[in-house]
Visitor: 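I have a structure here, written as structure tokens, and I will follow up with some questions on it.
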Amino acid sequence: MQSLSRTTALRGLGRVHSTAPCRAVLSRTRLLSPLNVNTATASRASFATQSARCYAASKEVKFTADNYPNVQRDSRFSKLTREDVDHFKSILSSQSSIIDAQDDASELEGFNTDWVRKYRGQSQLVLKPKSAEEVSKILKYCNDRNLAVVPQGGNTGLVGGSVPVFDEIVLSLSAMNSIRSFDEVSGVLVCDAGVILESADSYLRERNHIFPLDLGAKGSCHVGGNVATNAGGLRLLRYGSLHGTVLGVEAVLPDGTILNDLQTLRKNNTGFDLKQIFIGSEGTVGVITGISILCPRRSNAVNTAYFGLESFDHVKRAFTKAKKDLGEILSAFELMDGLTQDLFHKTTGKPYPLADRYPFHVLIETSGSNGEHDSAKLEAFLEEVMGEEIVADGTVAQDETQAQTLWRWREGLPEACAHWGGTYKYDVSIPLNEFYTLIEDCRKLFDEAGLVGGTEDDSKPVIGVVGWGHMGDSNLHLNVPVRWYDKKVENLLEPWVYEWIEKRKGSISAEHGLGFAKRDFVQYSRDETALGIMRRVKNTFDPKGIMNPYKYIPMN
Ligand SMILES: O=C(O)CC[C@@H](O)C(=O)O
Ligand SMILES: [Zn+2]
């Protein structure tokens with residue numbers, strides 16, 4: 001990163017021109033065969049299951065059933081027997097498709113533990129079916145036997161939604177990882193649910209398209225999990241949500257019915273749009289086994305810039321101007337406060353991208369098809385925001401490597417926060433005029449309570465109160481990194497955060513979903529009528545309640 005152009009690079013018009021933005025930030029290309037794409041090792045595992053295992057091994061975190069104080073195991077569910085395990089063995093085509101606690105309990109650790117190390121279940125069995133038919137046989141059996149199931153993708157979720165609460169069987173989609181088809185004319189990709197997001201994106205990039213979703217966990221998360229949780233990510237501002245880009249799903253219902261709704265049409269006005277029930281359903285109504293998705297053409301001119309700003313007011317002015325001046329080529333506008341950058345700096349040892357550290361930093365990306373046009377637009381924008389002193393300092397990536405380095409200062413934040421032990425996470429939507437006030441108010445709360453020790457004082461649980469997010473989508477990530485999970489901290493945050501959000505008519509979950517963490521708070525964003533309808537939908541698909549129980553919405 002030493003080679004990055006530094007602070008003075010954008011000061012004064014001449015220098016802005018002399019640091020014309022890079023032509024293109026191209027793909028992290030890798031040659032992948034069209035089938036079993038995950039066999040090409042995903043390059044990054046930002047918050048991979050593997051990292052969760054590492055963290056769990058290196059830090060002592062006290063997981064017990066106390067992590068789920070408000071729930072009891074549902075007595076309607078049967079306990080797993082050896083006959084059940086034998087039956088699953090007879091259903092599945094390969095012996096490697098079963099991880100049985102009787103054989104090796106330690107193998108189950110990564111499937112039972114969530115990425116933030118806050119939730120841990122006690123599943124005794126992981127099943128890895130290879131086809132929708134195998135999923136169907138498993139679910140039909142579980143439904144008949146009243147065995148509860150938690151579907152799991154890459155296990156990168158942040159709300160405890162993809163790990164068991166008690167002894168639910170883990171149904172992992174990791175062995176379903178083939179690309180089924182790609183049509184270069186329409187840009188429609190059809191693939192298995194267990195394809196890793198980065199693998200899908202690399203496959204598409206070789207064909208001049210991209211996956212319309214990008215997020216820090218791309219090296220581990222599965223596209224099926226992305227759809228099941230309606231993941232948002234870094235470029236929703238440009239490509240829209242999965243509710244718009246997903247064209248169809250293949251899903252298996254709890255009674256074993258296979259819904260083949262893998263449409264590749266953009267327009268199909270023939271009744272209820274069934275795929276929408278599964279998008280964002282978090283495994284509560286069935287298991288998504290395949291998706292079809294509309295993938296945009298890859299932009300051949302991508303620019304990445306990183307700014308320092310003195311106040312949130314300056315950030316708002318920069319955002320308004322970026323939308324106005326950059327218009328349709330603006331593909332990301334990401335906010336990181338000063339403390340986030342300090343934590344990233346401290347945990348990685350990397351030098352700050354700018355000579356000074358500012359109270360706020362913003363990462364802007366443009367993606368377009370005409371390099372000269374985009375560079376000219378970005379230069380004009382830079383001249384104005386520097387000239388009007390909206391931006392205090394900044395740098396523009398000159399090549400793909402520099403762009404990736406700048407993105408690390410943004411994408412590496414979940415890991416930087418988890419570094420000391422754990423982190424309390426709140427993923428919220430807030431109208432932009434009060435966007436950052438949540439962080440300021442939360443800091444006051446913690447300062448008054450005397451619980452903050454910073455990175456040095458290890459007698460106190462809290463490292464600090466930090467904020468970052470997809471400002472372009474009004475989506476803020478409030479994080480309270482801690483040395484240990486502590487009830488005093490949690491009681492200060494909840495329901496305070498949710499009440500704060502409700503008063504501003506925001507949403508208590510912008511993109512991470514409800515999972516276990518928010519199921520008891522959903523009423524702060526949805527009223528009783530809406531919740532009643534959701535319960536009816538759930539009961540229609542899953543009358544025995546075996547799919548991902550204890551999560552999402554309270555059922556009574
Ligand atoms: O860790 C978080 O709080 C947010 C994770 C992810 O949604 C991000 O945008 O970095
Ligand atoms: Zn996010």
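Model, not experiment: these values are computed from the prediction. Just so you know, ligand 1 is whichever comes first in the structure, and atom 1 is the first atom listed for that ligand.
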Visitor: Considering only NZ, NE, NH1 and NH2 on the basic side and carboxylate oxygens on the acidic side, decide whether Glu440 and Arg443 come within less than 4.0 Å.
Guide: no

Visitor: Which of the atoms of ligand 1 are close to Asn479, meaning less than 4.0 Å from one of its heavy atoms?
Guide: 2 (C), 3 (O)

Visitor: May I ask whether Leu413 has any heavy atom positioned less than 4.0 angstrom from an atom of ligand 1?
Guide: no

Visitor: Does the gap between the ring centers of Tyr426 and His477 come in under 6.0 Å?
Guide: no

Visitor: Is the distance from the Zn ion (ligand 2) to the nearest N/O/S atom of His470 under 2.8 Å?
Guide: yes

Visitor: Between Tyr436 and Phe360, is the gap from one ring center to the other below 6.0 Å?
Guide: yes

Visitor: For ligand 1, is Trp468 a contact, meaning one of its heavy atoms is under 4.0 Å away?
Guide: yes

Visitor: Which of the numbered atoms in ligand 1 are below 4.0 angstrom from a heavy atom of His470?
Guide: 9 (O)

Visitor: Short list, please: which atoms of ligand 1 are under 4.0 Å from a heavy atom of His477?
Guide: 3 (O), 4 (C), 6 (C), 7 (O), 8 (C), 9 (O)

Visitor: Suppose I only count heavy atoms of His512 and a 4.0 Å limit; which atoms of ligand 1 are within that range?
Guide: 2 (C), 3 (O), 4 (C), 5 (C), 6 (C), 7 (O)

Visitor: Among the N/O/S atoms of His477, which is closest to the Zn ion (ligand 2)? Give the atom name.
Guide: NE2

Visitor: Inspect the contact between Asp447 and Lys444 and indicate whether a charged nitrogen and a carboxylate oxygen are less than 4.0 angstrom apart.
Guide: no

Visitor: With the threshold set at under 4.0 angstrom, would you say Leu158 reaches ligand 1 through any of its heavy atoms?
Guide: yes

Visitor: Just by distance, no angles: are the side chains of Ser429 and Ser507 close enough, under 3.5 Å, to form a donor-acceptor pair?
Guide: no

Visitor: Look at the aromatic rings of Tyr424 and Tyr485 and report parallel, tilted or perpendicular, splitting at 30° and 60°.
Guide: perpendicular

Visitor: Let me confirm one number: the CZ-CD distance from Arg235 to Glu365, rounded to the nearest 0.5 Å.
Guide: 4.0 Å

Visitor: Looking at Glu511, which atoms of ligand 1 are within less than 4.0 Å of one of its heavy atoms?
Guide: 7 (O), 9 (O)

Visitor: Any N/O/S of Glu511 under 2.8 Å from the Zn ion (ligand 2)?
Guide: yes

Visitor: Which atoms of ligand 1 sit under 4.0 Å from any heavy atom of Arg410?
Guide: 8 (C), 9 (O), 10 (O)

Visitor: Is Arg357 paired with Asp342 through a side-chain N to carboxylate O contact shorter than 4.0 Å?
Guide: yes

